[in-house]
Undergrad: 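Sending over a structure as structure tokens; questions will come in a sec.
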Amino acid sequence: MKQTILARRYAKAIFSIGQEHATYDQYNEVLQGLAALYASHPEVADAVTNPLYPLDVKEKVMQGIVASMSVDVVIGNFLNLLVQKKRAELLPEIAEAYRSMVDEAKNISHGNVVSAVELSDDLKANVQKVLEKLTGKKVELTTSVDPSIIGGIIAKVGDLVLDGSIKTQLAGLKDSIKGRE
Amino acid sequence: MNGVKHIAKFISLLALALLFAMSSGSVFAADTGHATATDQAVAADGGHGASKVSKSLSAEKVKDLGWRIVNFIALMIILVKFGAKPIGAGLAARQKKIKDEIEDLQQKRADAEKSYNDFQAKLASVESEIDKIVDRAIAQAEIEKVKIIEKAEQAAHDIKRSAEMAIQNELTEARRTLKNEVADQAAVMAEKLIVNNLTADDQVKIIDNYLAKVGAVQ
């Protein structure tokens with residue numbers, strides 16, 4: 001079960017400290033790296049979250065991870081605190097919320113563009129330019145290919161959706177034929 | 001009931017008087033027989049003497065007549081004494097009864113006459129009443145006829161309208177179904193055409209046009 005509010009609270013706390021020390025980028029890297037480690041190695045997540053293991057063992061595991069990453073003391077203490085408070089399972093959600101906060105602070109938006117064929121770099125840059133113009137933020141784009149849209153693109157940035165696919169246009173054409181007397 | 005009692009008393013008194021009279025008669029007869037024997041003896045004595053005796057009343061006969069008168073008077077007294085009241089009462093009751101019956105019959109006759117007159121009057125007016133009833137029934141029937149016709153016309157109108165609406169609905173539904181099929185087929189055909197004829201350049205052009213349009217909107 002996701003505990004987004006709790007995760008946001010932890011993320012906001014460490015982000016505030018990061019902003020004070022101007023180290024929030026470093027903290028972001030650490031948190032994103034640990035979230036990726038949780039995803040790629042579930043046994044690591046299990047080692048620090050399983051309630052069957054004693055707390056001191058879980059603390060030692062987290063201390064080992066922190067030491068191997070040779071991170072800042074503050075973020076190291078934060079990670080140890082998560083284990084002590086038995087909130088280590090929230091780490092991926094905290095990392096996600098933290099990244100949103102960093103993006104907000106840097107005025108960055110993440111977007112995705114779906115096209116029927118692979119986009120060229122020029123086209124991708126053009127799309128990015130238009131999206132940045134529309135959102136007023138720097139847009140980091142990811143692309144994917146879906147031949148079912150026939151042609152055109154579907155771009156999503158935050159709440160903004162631009163659907164210029166031929167599939168949607170055909171659906172609109174069909175609806176207009178059906179709807180017109 | 002009272003009259004019957006009086007009549008019974010009167011009959012019993014009459015029977016008593018008759019008995020009394022018959023007893024007097026028998027005495028008289030006995031006396032007569034005795035006289036006959038005497039007459040015969042006198043006749044045997046001589047013819048002249050017989051005619052002289054027969055023209056005069058003997059003392060015994062006068063006495064007998066006196067007793068007879070006394071007897072008759074006594075009878076009359078008894079009859080008046082004991083029979084006058086019951087007979088009078090019986091007759092009065094009879095008279096009253098007859099009078100009552102006459103009055104009753106007269107009353108009945110008056111009622112019958114009145115009833116007869118009423119019926120006569122009714123009979124005289126019954127024809128006009130029948131005419132009125134018939135006229136009323138005809139008027140009512142006319143009203144009912146108009147109502148029935150109106151109802152039937154309304155029902156026919158409703159049926160016609162509902163049938164027209166049903167036809168209209170069917171037409172609309174058929175038109176919509178046809179349009180949907182046409183739209184679906186058109187979309188399928190358009191998709192096939194586009195897929196078959198879309199080149200890489202067209203893809204780029206489409207995206208560029210779209211981006212230009214979106215950018216222009218902004």
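Letters A, B, ... mirror the listed sequences (proteins, then strands); counts begin at 1.
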Undergrad: Would you mind telling me which of B/Leu198, B/Asp184, B/Asn209 has the largest number of heavy-atom pairs within less than 4.5 Å of chain A?
TA: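 Going by pairs under 4.5 Å, I would pick B/Asp184.
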Undergrad: Does CD in B/Gln95 sit with more than 12 non-hydrogen atoms of other residues, nucleotides or ligands closer than 6.0 Å?
TA: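 Counting other residues, nucleotides and ligands, CD of B/Gln95 stays at 12 neighbours or fewer.
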Undergrad: State, to 0.1 Å, how close B/Ala183 and A/Ile177 come at their nearest heavy-atom pair, and which atoms those are.
TA: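 Reported closest heavy-atom pair: CB-CG2, 3.7 Å.
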Undergrad: For the residue pair A/Lys174 and B/Ala187, what are the closest heavy atoms and their distance?
TA: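 So the two residues come closest at CD-CB, 3.6 Å.
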Undergrad: Closest approach of B/Lys179 and A/Lys178, non-hydrogen atoms and distance?
TA: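 The answer is CD-O, 3.3 Å.
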Undergrad: Does B/Ile149 CD1 have over 12 foreign heavy atoms under 6.0 Å away?
TA: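 Check passes, neighbour count above 12.
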Undergrad: Can you name the residues of residues 50-70 of chain A that have some heavy atom under 4.5 Å away from a heavy atom in chain B?
TA: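 Within residues 50-70 of chain A, no residue comes under 4.5 Å of chain B, counting heavy atoms only.
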Undergrad: Using every non-hydrogen atom in the two residues, find where B/Tyr210 and A/Ile153 come nearest and quote the distance to one decimal.
TA: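 Scanning both residues, the minimum pair turns out to be CD2-CG1, 4.1 Å.
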Undergrad: Hey, is CD on B/Glu127 packed in by over 12 heavy atoms from elsewhere, all under 6.0 Å?
TA: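 No - once you tally the heavy atoms of other residues, nucleotides and ligands closer than 6.0 Å, there are 12 at most.
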Undergrad: Could you pull out the closest heavy-atom pair between B/Gln203 and A/Ile150, with the gap in Å?
TA: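 Taking every non-hydrogen atom into account, NE2-O, 2.8 Å.
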Undergrad: Who are the side chain to side chain contact (heavy atoms under 4.5 Å, CB included) partners of A/Glu140, not counting sequence neighbours?
TA: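 Here the qualifying residues are A/Ile108, A/His110.
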Undergrad: Which of residues 136-145 of chain B have a heavy atom under 4.5 Å from any heavy atom of chain A?
TA: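 None at all.
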Undergrad: With only heavy atoms counted, which part of A/Ile166 is less than 4.5 Å from chain B, the side chain, the backbone, both or neither?
TA: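 Side chain only.
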Undergrad: Could you tell me the separation between the CG atom of A/Leu173 and the CD atom of B/Glu191, rounded to the nearest 0.5 Å?
TA: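 Answer rounded to 0.5 Å: 11.5 Å.
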Undergrad: Quick check on B/Leu211 against chain A: is it the side chain, the backbone, both or neither that has a heavy atom closer than 4.5 Å?
TA: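 It is both, since atoms from each part get that close.
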Undergrad: Return the minimal non-hydrogen interatomic distance between A/Leu170 and B/Ala190, and the atom names on each side.
TA: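 Reported closest heavy-atom pair: CD2-CB, 3.6 Å.
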Undergrad: Would you compute the distance between atom CD of A/Gln169 and atom CD1 of B/Ile206 and round it to the nearest 0.5 angstrom?
TA: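 CD1 of B/Ile206 is found 7.5 Å from CD of A/Gln169.
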Undergrad: Determine which residues belonging to residues 115-129 of chain A lie within contact range of chain B, meaning some heavy atom pair is under 4.5 Å apart, and list them by number or answer 'none'.
TA: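 Against chain B, the residues of residues 115-129 of chain A that fall inside the cut-off (heavy atoms, under 4.5 Å) are A/Ala116, A/Val117, A/Leu119, A/Leu123, A/Asn126, A/Val127.
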